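A quick write-up on the structure given underneath.
These figures come from a predicted structure and were not determined experimentally.
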There are 2 protein chains.
Amino acid sequence: MALRHAVLAALLDGELSGYQLAKAFDLGVANFWHALPQQLYAELAKLEREGLVAGRQVVQETRPTKRLFHVTDAGLAELERFASAASKPSFVRDDLLVKVQAADHVDAASLITQVEERAAVAEAKIDLFRRILRKMRGGLNEEEFLRTGRRVGPYLTCLRGLAFEEGNRDWCLRTAAILRERSAATPREGAAPALASPEVARA
Amino acid sequence: MALRHAVLAALLDGELSGYQLAKAFDLGVANFWHALPQQLYAELAKLEREGLVAGRQVVQETRPTKRLFHVTDAGLAELERFASAASKPSFVRDDLLVKVQAADHVDAASLITQVEERAAVAEAKIDLFRRILRKMRGGLNEEEFLRTGRRVGPYLTCLRGLAFEEGNRDWCLRTAAILRERSAATPREGAAPALASPEVARA
DNA sequence: CTTGAATAGTCATATTCTTGACTATCCAAG
DNA sequence: CTTGGATAGTCAAGAATATGACTATTCAAG
């Protein structure tokens with residue numbers, strides 16, 4: 001149950017409405033925690049009942065009234081407690097990797113397309129992360145900022161997101177190239193092509 | 001609902017019992033899909049009811065009787081269908097990243113310890129993946145194997161796991177170093193240390 | 001000769017997450 | 001003057017996951 005802690009961590013940078021929070025989760029936070037708007041509204045309500053966040057109503061003229069939430073002292077204490085407790089091992093879930101695992105038994109063309117699409121998505125995220133990082137460190141260079149900047153937490157997690165997507169892109173491009181080469185080498189085979197194995201090569 | 005497909009993909013390499021499958025998930029497959037043994041038994045039962053896998057009873061003398069499962073033609077067709085459908089975006093969940101996001105507001109010492117422990121875990125996984133990869137490619141070098149080997153799917157996903165853990169390790173080590181340096185620079189501060197910010201520097 | 005680890009598997013409960021729909025207001029483009 | 005997108009939020013139902021406990025057998029260490 002760390003969604004609540006992810007929400008608390010996201011609210012540390014200032015007051016957010018549920019809607020803004022949902023967008024934040026879609027961007028930065030999404031790189032290490034994923035949640036739909038519905039869950040966030042529900043979690044905010046629970047956190048408020050428990051006194052870990054507090055909301056204040058903001059009546060807007062041109063927009064629907066919204067509620068801005070901030071972390072309370074109790075919320076900060078809960079984050080402290082969470083941060084000191086043992087971390088569960090991280091986990092990833094990725095359809096595409098499941099498909100690649102089965103690559104030798106399924107249609108190559110569609111798989112290659114999907115891997116290349118994923119590379120493009122990763123590239124877009126890389127650009128986004130680079131922009132966010134530039135904005136966060138302001139005039140300072142990275143080393144300076146990491147030594148002296150306030151709030152390096154979000155910067156560090158963003159760096160992990162950047163490296164992750166770079167790894168993603170590189171792997172996708174390489175994988176696509178390999179699958180392409182292999183499917184070119186056996187143009188008339190369907191699933192599970194009988195490529196040259198060590199045994200065959202010896203024969 | 002891609003657990004079923006992860007199970008099918010894992011069973012492509014040969015018959016496995018529920019127990020063996022659980023261990024396979026704990027190792028290789030866990031890098032892109034995570035599931036507890038209970039889920040796997042339940043999923044196998046469902047897959048069998050739907051005719052996507054078939055099990056055969058194996059009576060053992062020295063061990064409890066087990067059931068070995070393999071993918072049926074219908075299961076293969078289902079995998080094909082899945083592989084051609086659009087992939088959901090991958091997602092990661094990581095307690096540790098949530099904690100680092102809040103790094104400027106929580107106790108540094110405990111966080112540094114955890115980040116360094118994670119680096120060690122990553123290192124161990126790197127070793128494991130290297131061994132698995134070596135074993136999979138047999139006598140061939142990597143390039144050769146990727147061009148001509150049978151079943152490159154598991155090899156490719158393992159490569160992604162390796163790169164992921166290398167990224168993890170590198171980021172953890174860098175993050176630990178930065179947090180250490182910062183907490184050394186403000187030895188008597190508690191949470192949210194007032195480090196030199198651009199504004200402060202100007203003053 | 002008892003304890004603990006590994007094998008092999010099951011059940012029930014509770015929480016969490018996803019899906020899909022729904023209510024509103026405002027602004028801008030066509 | 002209607003449609004679509006952005007803002008702001010809510011509800012209900014159902015699927016998927018997690019937690020914890022439970023039954024057995026075998027082998028090896030102490």
- Does a salt bridge link A:R150 with B:D104, judged by any charged N lying under 4.0 Å from a carboxylate O? no
- Message: Taking only side-chain N and O atoms of A:S17, does any of them lie within less than 4.0 angstrom of OP1 or OP2 on D:dT7?
- Response: no
- Message: With a 4.0 Å cut-off on N to O distance, would you call B:E117 and B:R169 a salt bridge?
- Response: no
- Task: Can you sort out which residues in residues 36-47 of chain A have a heavy atom within less than 4.0 Å of DNA chain D? Ascending by number, please.
- Result: A:Q38, A:Y41
- Message: Please confirm whether the shortest side-chain N or O distance from B:R93 to OP1 or OP2 of C:dC17 is below 4.0 Å.
- Response: yes
- Are there more than 12 heavy atoms of other residues, nucleotides or ligands under 6.0 Å from atom CG of A:D73? no
- Task: Whole angstrom is fine here: how far is it from CH2 in B:W33 over to P in D:dA16?
- Result: 11 Å
- With a 4.0 Å cut-off, would you call A:E50 and A:R4 a salt bridge? yes
- Task: Output yes when at least one side-chain N/O atom of B:H34 is less than 4.0 Å from OP1 or OP2 of D:dT17, else no.
- Result: no
- Figure out the NZ/P separation between B:K66 and C:dA6, and round it to whole Å. 17 Å
- Whole Å only: how far is the NE2 atom of B:H5 from the P atom of D:dA16? 11 Å
- Item | Candidates D:dA8, D:dT17, C:dG9 - which lies nearest the side chain of B:R67 | C:dG9
- Query: Can you tell me how far C1' of C:dA8 sits from CZ of B:F69, to the nearest Å?
  - Reply: 11 Å
- Query: Any side-chain N or O of A:Y19 under 4.0 Å from OP1/OP2 of D:dG9?
  - Reply: no
- Message: Can you measure B:E48 atom CD to C:dG9 atom P for me and round it to whole angstrom units?
- Response: 11 Å
- Message: Can you measure B:F91 atom CZ to C:dT18 atom C1' for me and round it to whole angstrom units?
- Response: 10 Å
- Item | Of the listed nucleotides C:dT19, D:dT17, D:dT19, the one nearest the side chain of B:K88 | C:dT19
- Query: Whole-Å distance between C:dA8 P and B:E15 CD?
  - Reply: 13 Å
- Using atom CG of B:L21 as one end and atom P of C:dA8 as the other, report the distance to the nearest whole Å. 13 Å
- Query: Within the structure shown, what part of the strands sits under 4.0 Å from A:R4 by heavy-atom distance: base, sugar-phosphate, or nothing?
  - Reply: nothing
- Thinking salt bridges, do B:R118 and B:D94 make one under a 4.0 Å N-O criterion? yes
- Respond yes when some side-chain nitrogen or oxygen of B:K23 is under 4.0 Å from OP1 or OP2 of C:dT7, and no when none is. yes
- Message: Between A:E166 and A:K125, does any NZ, NE, NH1 or NH2 come within less than 4.0 Å of an OD or OE carboxylate oxygen?
- Response: no
- Among A:L47, A:L79, A:L11, whose side chain to side chain contact (heavy atoms under 4.5 Å, CB included) with A:L52 holds? A:L47
